[in-house]
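One structure is given here, and the rest of the page talks about it.
Because only heavy atoms are used, hydrogens play no part in the values below, and waters and symmetry mates are left out as well, while side chains stay in. Just so it is clear: chains get the letters A, B, ... in the order the sequence lines come, proteins before strands, and each one is counted from 1.
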Amino acid sequence: MSEHEDRRDTVDEIDLDQWVKVWDERHTFEAHGLTEPEPGRDEPADGREKRSYIVSMYPYPSGDLHMGHAEVYSISDVIARFDRLRGYNTLNPIGWDSFGLPAENAAIKRDLHPRQWTYDNIAVQAASFKRLGVSFDWRTRLHTSDPEYYRWNQWIFLKLFDMGLAYRKASPVNWCPKDHTVLANEQVIQGKCERCGTAVERRNLTQWFFRITDYAQRLLDDMDQLKGQWPEDILAMQRNWIGRSSGAHVDFRIVGRDEPVRVFTTRPDTLYGATFFVVAADAPLARELVTDEHREALETYIAALGGTSEIERMASDRAKTGVFLGSYAINPVNGEQIPVYASDYVLADYGTGALMAVPAHDQRDLDFAKAMNLPVRKVVETGEDDPAATGVATAARGTMVGSGEFDGLPSAEALPAIIAHLEKSGVGEGAITYRLRDWLLSRQRFWGTPIPIIHCEDCGEVGVPEDQLPVRLPESGFSLKPDASQSPLGTATEWLKVDCPKCGKPAQRDTDTMDTFVDSSWYYLRFPNPDYTEGPFDPEGVKRWLPVDHYIGGKEHANLHLLYARFMTKALHDAGLLHFVEPFKRLTNQGQVIMDGKAMSKSLGNLVNLQEQIGQYGPDAVRVTMIFAGPPEDDIDWAAVSPAGAVKWLNRVRRLASAVPASSLGAAVATGDAAVRRGVHRLLDEITSKMEAGRQNVVIARLMELTTLLQQSIDNGPGAADPAVREGVEALVVALSCFAPFTADDSWAKLGHEPSVATSSWPVVDKSLIVDEEVTCVVQVNGKVRARLQVPAAITEDDLKALSLDSDAVQKAVGDAKIVKVIVRAPKLVNIALAR
RNA sequence: GCCCUCGUAGCCCAACGGCAGAGGCAGGCGCCUUAAAAGCGCUUCAGUACGGGUUCGAAUCCCGUCGGGGGCACCA
């Protein structure tokens, strides 16, 4: 009865701050030898030490941590702590993605320097991370807004510039009028600014780009290395985003023009069905091809397009419009002259900005043909109704018709045949294009890395010499709210002035800053030595820790950060700086924390406040709730889970630890109760394998079972002093430390151990304890369970078969029917198949 | 429209192709209590969205349909 009394005692509070202090003072979570072997510590000479590099996407300091942060860092912390306990030298770094727009907007609103808001928030978040008990190695700490960091961002930019991978060009780009900057393609979601939701505008501007398109094929090919290690949907998203399509380039001569115009088509088999030719109205080509008498009509059309928003323009059900340019293109396969139009349904920056229109077999071309009253000619017989009559293009494969020498061929065969024909005649060739565009990286904002380029009238774009890096942001003399499309740095008149490093003449700095996705495309390389001064990252540290073993973060970065980081890794590899081409071996995307089915976010309001939850339930219970709610990838509806339940369980564990007497400390476990040990080790076996599989929610369930089992062993079994009980409770506490570090260390101390449990080791499963002498064998007849037999675990298939057939229940179920087959899976299962 | 994912008790979720239910929440009953809360113990609840197929055997593999979530979308 006394145990019952004990259990009803209210549980004392854990001194959280004290534990944080203990961990800090003892350097509990620091990896060993970040860049070289630690003196006095054994490490295999061949460098094959077991190491684990666990990275969670670093936070943006937008305020205090919120529920979403708690989830990511809970998940990655479990992985890091598990690896540490199982003997891996583990690096779990932290840094801040501290350049970016919100800081600048906050600074404008409050009339202070963006730095202040940023670093204040970082301090708040750092304290919150400690309160959450996340096992970071704080020596890795970096902030991308520190000159010591962005200096190397500039260095990398110049490296890519030298490699020809960074270039400036004038092109139509996405402009967000609210955020007052251009945006990369990846930052425009359905025509709207990813950050503020404002409809983007199209502007012709000269901007810096990274040539990520050069890497399109490698970004696709190297996905083979990621299969099975990255979630399939992320790979699919990137595949779609890169958007490879294969077909042919075909040159069309234009009547009265020397230079032919090249088009891309995925359907060279339909070449004979081209009845007109279309160029993008906003491409220079339109103005080149227009005849004088149609010039005014074209200008009117282009002017009208200016009033169309990107969102309207992208609507695919919009009526087709266009204007005849007065010129004619010549179809290279049949010499036919077809009229040239300009339209906004052709995109200036995809393919060549021009296309051959085959209305019979392409819906968009057919819609345009109908609108302009142009002919429709079927060249592939698909057996469907005539597109000219139905208005529905037939895109399927079929048999070639009206295509000269190719008539009668299946279109699938005609396709390569026509490509061969084009190549032989020198008017085209097989070709691949990608939907992916180059990465637009310049931003017309202040709080970012200055682009380290000097514009000289004579020398053009000149990179800032390495010994002059970093190009620091000006401290004063600039405006955060400049006029028109000028950048804030453009107003820093003193800062702008610089002599050309090449010719010494007065010149001007570039006034744009870099997209913060440049910063994040390589930060994981710098963590092992964030103070390194000889380069962006320490080669020794990179050699020891990279690539990242397990990367954890949200899937909203599928086509942004994750794609950029993959590209940057390949580019730096090509520069000879990295020994690998993929930065993240394994990727886990955690879900979102939602409330009553509604997403929580800054714009929609954080419906649940993390600090309030921690205040009410404690950090451990919040963490356990996050993990136990479901698989890491799933969203958590906070309304559907129970932090109170987690508190209850954690208290049960602590009472258990209190109940185990000091007298059993150091007792030989082998003398413990055999049944208890069997139960404990059976659970530990499953806990270990689920942990390895990343099924953290299931691990919690098993730990709860283990808790119940141990409590029952105390109440109705061998009692609290039995060595088997101590063994079980200690194993429970060690495993718990991955999820609830405060409770675990508190319990570990109660059990009479020195801190910290994080420095102990993962329980070793004694497999000999979990093999059963006897097992229950299920006997099925036609797949239905008809009998259960207690059999020796080592029974032979023949014996088991005979035993099954002898059983009364089976004989009854079989009756007079003929036995066709007996499947024996000794010792657990027998299935008897009867004739039907 | 194309691609990817997920549909298991009232809810969150488990289940190497082998007995559908481990764990939690909620609900019910009980113990404790003068009483209530807390705590503790016990316990009800689905045949796996639907329809086919493969198999001795399917929640699991394949095809189709419906529904939820996500991505892309005038990309030639």
Across the strands shown, which category fits Trp241(A) at heavy-atom distances under 4.0 angstrom: base, sugar-phosphate, nothing?
sugar-phosphate

ring-ring contact (aromatic ring centres under 6.0 Å, His included) with Tyr564(A): which residues, sequence neighbours excluded?
Trp439(A), Phe517(A)

Any base atoms under 4.0 Å from Lys648(A), or only sugar-phosphate, or nothing? Heavy atoms, all strands.
sugar-phosphate

Looking at every heavy atom in both Thr270(A) and His361(A), which two are closest together, and how far apart are they?
CG2-CD2, 4.0 Å

Here's a test of your reading of the structure: between Asp635(A) and Ala701(A), which maps to the more 5' nucleotide of RNA chain B?
Asp635(A)

Quick one: the side chain of Gln363(A) and the base of G1(B), do they pair up donor-acceptor inside 3.5 Å?
no

Suppose we define a pair by two distances each less than 3.5 Å, Watson-Crick or G-U wobble; what does C2(B) pair with here?
G71(B)

Comparing Tyr434(A) with Arg695(A), nearest RNA chain B nucleotide closer to 5' gives the residue Arg695(A)

Under 4.0 Å, heavy atoms only, any strand: does Pro231(A) hit a base, just the sugar-phosphate, or nothing?
nothing

Selected nucleotide, minimal atom distance to Asn559(A) side chain, candidates A14(B), A76(B), G71(B)
G71(B)

Identify the nucleotide, in any strand shown, that forms a Watson-Crick or G-U wobble pair with U34(B), with both distances under 3.5 Å; if there is none, say none.
none

Could you tell me whether Asp637(A) contacts a base, only the sugar-phosphate backbone, or nothing, with contacts defined as non-hydrogen atoms closer than 4.0 Å?
nothing

Under 3.5 Å, which protein N or O atoms sit close to an N or O of nucleotides 4-9 of chain B? Give each pair with its distance.
none

So what does Glu186(A) hit on the nucleic acid, given a heavy-atom distance under 4.0 Å: a base, only sugar-phosphate, or nothing?
nothing

Base, sugar-phosphate, or nothing: which does Thr433(A) touch, judged by heavy atoms less than 4.0 Å apart?
nothing

